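In what follows, a single structure is set out as structure tokens and then discussed.
For clarity, every value in this text was computed on a predicted model and none was experimentally measured.
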Amino acid sequence: MLMPRDGAVSIDIPDDVRVVVAEDDRGTRLVLRGLLRSLGISEIIECANGAEAFVQVQRSAPDLLISDWEMPEVSGLALTRLIRNHPDSPNPLMPVIMLTSHSNQSLVARARDAGVTAFLAKPVSRKALAARLEASIQRTRCYVLTRRFFGPDRRRAQQGKGVSMAGVPHGYVPKEAEARGAVPTEDLDAVADAFMIDPAPLAAASGMPPGLVRPSHASKRLFSRVRLKRVELVSADRARLEMAREGLLISSNPERLATLLIDTMDGIRQSVGLSQPLIQRTWASLASIRDRMNGTDTRSIDILHLHARTIERLLDLSGEHDRRIAETTVAELEAAVAKVFPDVRRG
């Protein structure tokens, strides 16, 4: 049991908790190592970048990750997305504490929507670190799974949009106290496109605090179901795209079809993880040419087909870490649009 000098925070940390620290600055790593040891954590794995950290996560299955935001090769946000969504992640429910000097609300929102559990401002103090650990380990949130998001439930609502910023429909996400008792841990079929996962029963089964879910038989079974459900959601996106493509084949109204494809894109543009910015560019390209469609020009229909093929290609590449192929696919689309519609601004 940790009791800081000022008595403001108390936290019960198991002796065998393993923490990965991903930080490219050696001095900051030394500070974090000393602070963590002073808080009773002795198993600390230090990494200089996000790529090395993910390898260590796969190899050692740690209980918690502390990551810097800006690192070479793989950033803290990209590392968090890998933890949450990669098929080889041993623990998608792992608490992730993000080190940052950012206070901009939009940047904080980006990190939360990547699946970050808590934030820790630099320079790091012992009291602040203890508070974040206590919140992440003992007062964990339920997790939300949608086609757009997987991570701790932030319950941050977008006014007038009908969904939270995590992509959860209003009216579905219950209060924390209600969620604990009302939502079964493995009930992934309660509603059509949003699922709540309570890590507390999984932690209890492995003798851990509520926020520390180690890979066990029960958690691995749940993780498998989560991944399968994500595949089902993306498959639904693909089916929606296929319906739009069938419309392209039988209709001669390119403006209406552009609108149909935009509506389709609006539902799936955040479904492909690391390729999401490329989906956004494709969606923006569609929006920019909608009013320029010419029903007598077959090139307009050809361009719409090219957009549909590009979207399908991005869905195919959604699980790839190398973005170069996807980048090239979108760049070729933008080049083709520029030839047919020279006045369209790119990106």
Side-chain angles (χ1 to χ4, degrees), residues 2-13 17-41 43-54 56-57 62-84 93-141 143 149 151-157 164-166 176 209-212:
L2 164 69
M3 292 295 295
R5 295 183 183 89
D6 58 8
V9 179
S10 63
I11 179 172
D12 187 9
I13 302 178
V17 166
R18 184 181 297 115
V19 175
V20 167
V21 173
E23 166 62 70
D24 58 335
D25 181 73
R26 184 173 180 273
T28 303
R29 292 202 305 271
L30 289 174
V31 170
L32 285 169
R33 183 199 307 167
L35 292 176
L36 288 169
R37 285 180 174 172
S38 75
L39 297 178
I41 297 176
E43 292 193 56
I44 305 166
I45 303 170
E46 299 178 29
C47 304
N49 59 67
E52 180 184 344
F54 188 63
Q56 287 297 335
V57 166
D63 301 296
L64 186 140
L65 169 69
I66 300 176
S67 175
D68 189 22
W69 184 304
E70 297 176 353
M71 294 183 292
E73 297 185 38
V74 177
S75 70
L77 293 190
L79 175 58
T80 302
R81 293 188 184 101
L82 289 172
I83 297 294
R84 299 293 181 228
L93 303 181
M94 181 192 309
V96 176
I97 299 176
M98 183 68 69
L99 297 173
T100 178
S101 56
H102 295 301
S103 59
N104 182 284
Q105 188 61 36
S106 64
L107 294 177
V108 172
R110 277 184 57 204
R112 284 176 169 171
D113 289 343
V116 171
T117 306
F119 299 88
L120 188 58
K122 295 180 180 180
V124 180
S125 69
R126 183 175 183 270
K127 180 178 179 180
L129 178 59
R132 299 302 181 276
L133 288 172
E134 193 274 338
S136 300
I137 294 174
Q138 299 292 357
R139 294 187 286 110
T140 184
R141 299 170 180 265
Y143 280 70
F149 173 79
D153 171 22
R154 310 304 304 194
R155 286 180 285 126
R156 294 179 293 105
S164 72
M165 291 184 70
E176 188 81 9
L212 297 183

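Across all non-hydrogen atoms, the minimal contact from Ala48 to Glu52 is N-OE1, 3.4 Å. For Leu99 against Val124, the heavy-atom pair with the smallest separation is CD2-CG2, 3.8 Å. Taking each heavy atom of Leu79 and Ala22 in turn, the nearest pair found is CD2-CB, 4.1 Å. The two residues Asn49 and Glu73 come nearest to each other via the heavy atoms ND2-OE2, 3.9 Å. What you find for Pro62 and Gln56 is that their closest heavy atoms are CD-O, 4.2 Å. When all heavy atoms are compared, the tightest approach of Tyr143 to Pro95 is OH-N, 4.2 Å.
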Set out, in order, the CA-CA distance, both residues' side-chain angles and the distance that settles side-chain contact (heavy atoms from CB on, under 4.5 Å) for Val57 and Leu82, then state yes or no. CA-CA 10 Å; Val57 166; Leu82 289 172; over 6 Å; no

Give the intermediate values and the outcome of side-chain contact (heavy atoms from CB on, under 4.5 Å) for residues Leu36 and Ile66. CA-CA 11 Å; Leu36 288 169; Ile66 300 176; 4.0 Å; yes

Does the pair Thr117 and Thr140 meet the rule for a side-chain contact (heavy atoms from CB on, under 4.5 Å), with working shown? CA-CA 9 Å; Thr117 306; Thr140 184; 5.8 Å; no

Run the side-chain contact (heavy atoms from CB on, under 4.5 Å) test on Ser67 and Thr80 for me, step by step, so that the C-alpha distance in whole Å, both residues' side-chain angles and the decisive distance to 0.1 Å come before the verdict. CA-CA 9 Å; Ser67 175; Thr80 302; 5.6 Å; no

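Proximity of Glu70 to Ser75: side-chain heavy atoms (C-beta onward) are nowhere separated by under 4.5 Å.
With values rounded to the nearest 0.5 angstrom, Leu77 atom CG is found 5.0 Å from Trp69 atom CH2. How far CG of Leu133 is from CG of Leu120: 8.5 Å, rounded to the nearest 0.5 Å. With values rounded to the nearest 0.5 angstrom, Leu32 atom CG is found 8.5 Å from Ile44 atom CD1. Atoms CG and NZ, from Asp68 and Lys122 in turn, are 3.5 Å apart once rounded to the nearest 0.5 Å. Expressed to the nearest 0.5 Å, how far OG of Ser136 lies from CG of Leu64 amounts to 6.0 Å.
Under the 3.5 Å distance criterion, the side-chain polar atoms of Asp25 are matched with a main-chain donor or acceptor of Thr28. Asp63 contributes a side-chain N or O that, together with a main-chain N or O of Arg18, makes up a donor-acceptor pair within less than 3.5 Å. Proximity of a side-chain donor or acceptor of Arg29 to a complementary backbone N or O of Glu23 within less than 3.5 Å is detected. Within the 3.5 Å criterion, the main-chain N or O of Leu35 finds no donor-acceptor partner in the side chain of Arg126. Of the possible donor and acceptor atoms, one in the side chain of Arg132 sits under 3.5 Å from a partner among the backbone N and O of Phe119. Of the possible donor and acceptor atoms, one in the side chain of Arg84 sits under 3.5 Å from a partner among the backbone N and O of Met94.
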